[in-house]
Number of protein chains: 2
Amino acid sequence: MNLSIAEENYIKSIYKLQEGDTVVTTNALAYELETKPASVTDMAKKLKDKKLIDYEKYKGFTLSAEGKKIALQIVRRHRLWECFLVDKLHFSWEEVHELAEELEHVRSEKLTNRLSEYLGNPLFDPHGDPIPDANGKLTKPRPQTSLDQATAKRVVVTAVTDQSTALLAFLNAKHIKLSTQLEIVEHYEYDNSIEIKIKQQPSITISEQVAKNIMVRPV
Amino acid sequence: MNLSIAEENYIKSIYKLQEGDTVVTTNALAYELETKPASVTDMAKKLKDKKLIDYEKYKGFTLSAEGKKIALQIVRRHRLWECFLVDKLHFSWEEVHELAEELEHVRSEKLTNRLSEYLGNPLFDPHGDPIPDANGKLTKPRPQTSLDQATAKRVVVTAVTDQSTALLAFLNAKHIKLSTQLEIVEHYEYDNSIEIKIKQQPSITISEQVAKNIMVRPV
DNA sequence: AATATTATTTAGACAAATCTAAATCATAAA
DNA sequence: TTTATGATTTAGATTTGTCTAAATAATATT
Ligand SMILES: [Mn+2]
Ligand SMILES: [Mn+2]
Ligand SMILES: [Mn+2]
Ligand SMILES: [Mn+2]
């Protein structure tokens with residue numbers, strides 16, 4: 001199966017939107033890929049012909065087994081490159097997504113596996129997302145809740161849901177990154193903002209919107 | 001200047017063929033890029049419009065100053081990725097060209113410079129070719145001759161001219177790589193074959209064709 | 001149930017990159 | 001200097017991925 005970069009991007013986005021097995025709609029995918037619904041319909045036909053998606057007119061689409069396999073390979077490459085950029089080249093986590101978006105399209109199993117080995121076969125990328133192994137198997141995600149739902153007093157950051165540059169830059173400015181330990185000082189009912197403290201630093205208050213996008217686990 | 005991958009490949013190939021300032025012909029470039037002369041003419045018009053080459057119908061072409069600058073950036077990325085693949089991921093030198101052919105198209109100065117730094121700002125790639133610095137300046141190539149012209153008795157391998165997988169695989173099998181020290185034992189006039197010895201190993205005889213493509217310097 | 005709204009598809013067009021076949025140019029040979 | 005050969009360009013097509021505008025289907029509202 002020889003896929004173009006465009007086809008790979010579609011496959012990956014369908015995978016992302018589908019979460020489990022929800023049907024993906026034309027408009028949602030167009031929005032995700034910053035393209036137009038008409039273009040999505042065109043591509044849907046191509047991917048259906050290649051048996052990578054199940055698709056009936058007006059009924060939305062989901063990845064086929066083969067499509068899912070390919071999606072996991074792309075996601076694997078994407079997340080491994082993100083690890084490389086952060087761990088080895090010392091990029092900060094909000095910079096790496098865009099670069100990985102291109103690097104992920106270099107299709108070489110040997111390269112991918114060597115890279116993984118070189119990085120110590122990491123299980124999670126810099127944003128806390130699990131990295132599929134060479135067989136496409138995902139590590140079971142660690143038990144986690146969003147920061148606004150957390151009940152424990154001391155938590156550690158495991159992931160960031162919204163990976164917009166804006167949020168990641170904000171977190172960077174506040175020195176909140178993956179594995180950062182937070183102490184939840186106060187939960188203000190008025191606007192659901194949360195006061196948190198990172199050890200050795202003065203406590204800060206973050207909005208509900210931010211807290212919703214920070215995933216944490218106890219201790 | 002936003003170039004497509006195809007345009008970048010053309011620029012790089014023109015750079016390669018032009019060596020100094022020789023005019024590049026349509027057919028030569030078509031052969032190099034494994035495409036057809038008609039396609040080259042089409043692209044020549046585009047690159048001329050973008051002022052990356054000087055081109056008049058039927059007169060061949062050369063890179064403009066801007067084109068040369070871009071070529072050097074692509075070459076820099078290509079050779080740095082080759083270093084990465086060999087030094088860090090332990091690929092052998094005959095495998096890396098193809099992968100670098102894709103990785104070179106990720107255009108990010110920051111990534112390129114970080115990668116260079118990470119590798120210790122290497123001056124030569126795994127095939128002995130010089131790596132342009134961030135300003136496009138090339139290290140003066142070391143004084144070298146092809147193995148069949150060498151006069152010194154003991155030489156060290158500095159580059160390989162023909163980078164076909166076939167030759168590189170042959171050299172690999174004979175344990176000849178960059179920086180390998182060779183002792184020239186005998187030069188047979190009959191077919192211009194050369195008997196060489198790598199320390200600790202029985203001597204071997206290589207053909208003139210191979211010797212012509214191995215560059216060496218004394219000591 | 002009829003109508004309005006929104007989602008999706010179709011029709012037709014365009015740019016990029018390629019190709020084949022035919023035409024044209026440059027030049028080497030006679 | 002004419003002719004033959006090879007190199008190069010042009011004309012016209014094709015594929016891929018995209019778009020706008022119009023048509024149609026699905027769904028929500030009255
Ligand atoms: Mn991508
Ligand atoms: Mn990520
Ligand atoms: Mn390339
Ligand atoms: Mn090289």
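Only heavy atoms go into these numbers, but all of them, side chains included; no hydrogens, no water, no symmetry mates. Convention: sequence-line order gives letters A, B, ...; per-chain numbering from 1.
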Grab the [atom1]-[atom2] distance between [X] and [N] for me, whole Å please.
X	N	atom1	atom2	result
Asp49(B)	dA16(C)	CG	P	10 Å
His105(B)	dA17(C)	NE2	P	12 Å
Lys36(B)	dG12(D)	NZ	C1'	17 Å
Glu56(B)	dA26(C)	CD	P	12 Å
Ile53(A)	dT8(C)	CD1	C1'	14 Å
Leu29(A)	dT18(D)	CG	P	11 Å

Return yes if some donor-acceptor pair links the side-chain N/O of [X] with the main-chain N/O of [Y] below 3.5 Å, else return no.
X	Y	result
Thr158(A)	Met215(A)	yes
Lys68(A)	Leu63(A)	no
Asn113(B)	Glu109(B)	yes

Tell me which nucleotide among dA17(C), dA11(C), dT20(C) gets nearest to the side chain of Lys46(B). dA17(C)
Give the nucleotide from the list dC19(C), dT18(D), dA17(C) with an atom nearest to the side chain of Asp42(A). dT18(D)
Taking DNA chain C as the partner, which of residues 8-15 of chain B come within under 4.0 angstrom of it by heavy atom? Tyr10(B)
Please check the phosphate of [N] (OP1 and OP2 only) for any side-chain N or O of [X] closer than 4.0 Å.
X	N	answer
Lys45(B)	dT9(D)	no
Thr35(B)	dA17(C)	no
Ser4(A)	dT16(D)	no

Do Phe84(A) and Phe84(B) have ring centres separated by under 6.0 Å? yes
Does the protein touch nucleotides 1-8 of chain D at the base, only the backbone, or not at all? Give it as B, S and - per nucleotide, heavy atoms under 4.0 Å. ------SS
Audit row: His78(B), His97(B), side chain to side chain donor-acceptor pair (under 3.5 Å) steps and yes/no: CA-CA 8 Å; His78(B) 182 103; His97(B) 183 81; 3.2 Å; yes
Is it true that Glu8(A) and Arg107(A) make a salt bridge, defined as a side-chain N closer than 4.0 Å to a carboxylate O? yes
Position toward the 5' end of DNA chain C (nearest nucleotide), Ala38(B) or Met43(B): Met43(B)
Are side-chain heavy atoms of Asn192(A) and Asp148(A) found at a separation under 4.5 Å? no
Taking the six-membered ring of Tyr118(B) as reference, does the NZ or CZ atom of Lys88(B) fall below 6.0 Å from its centre and within a 45° cone about the axis? yes
Side chains of residues 168-176 of chain B: which donor-acceptor pairs under 3.5 Å do they make with residues two or more places apart or in other chains?
from: Asn172(B); atom 1: OD1; to: Trp93(B); atom 2: NE1; distance (Å): 3.3
from: Asn172(B); atom 1: ND2; to: Glu94(B); atom 2: OE1; distance (Å): 3.2
from: Asn172(B); atom 1: ND2; to: Glu94(B); atom 2: OE2; distance (Å): 3.2

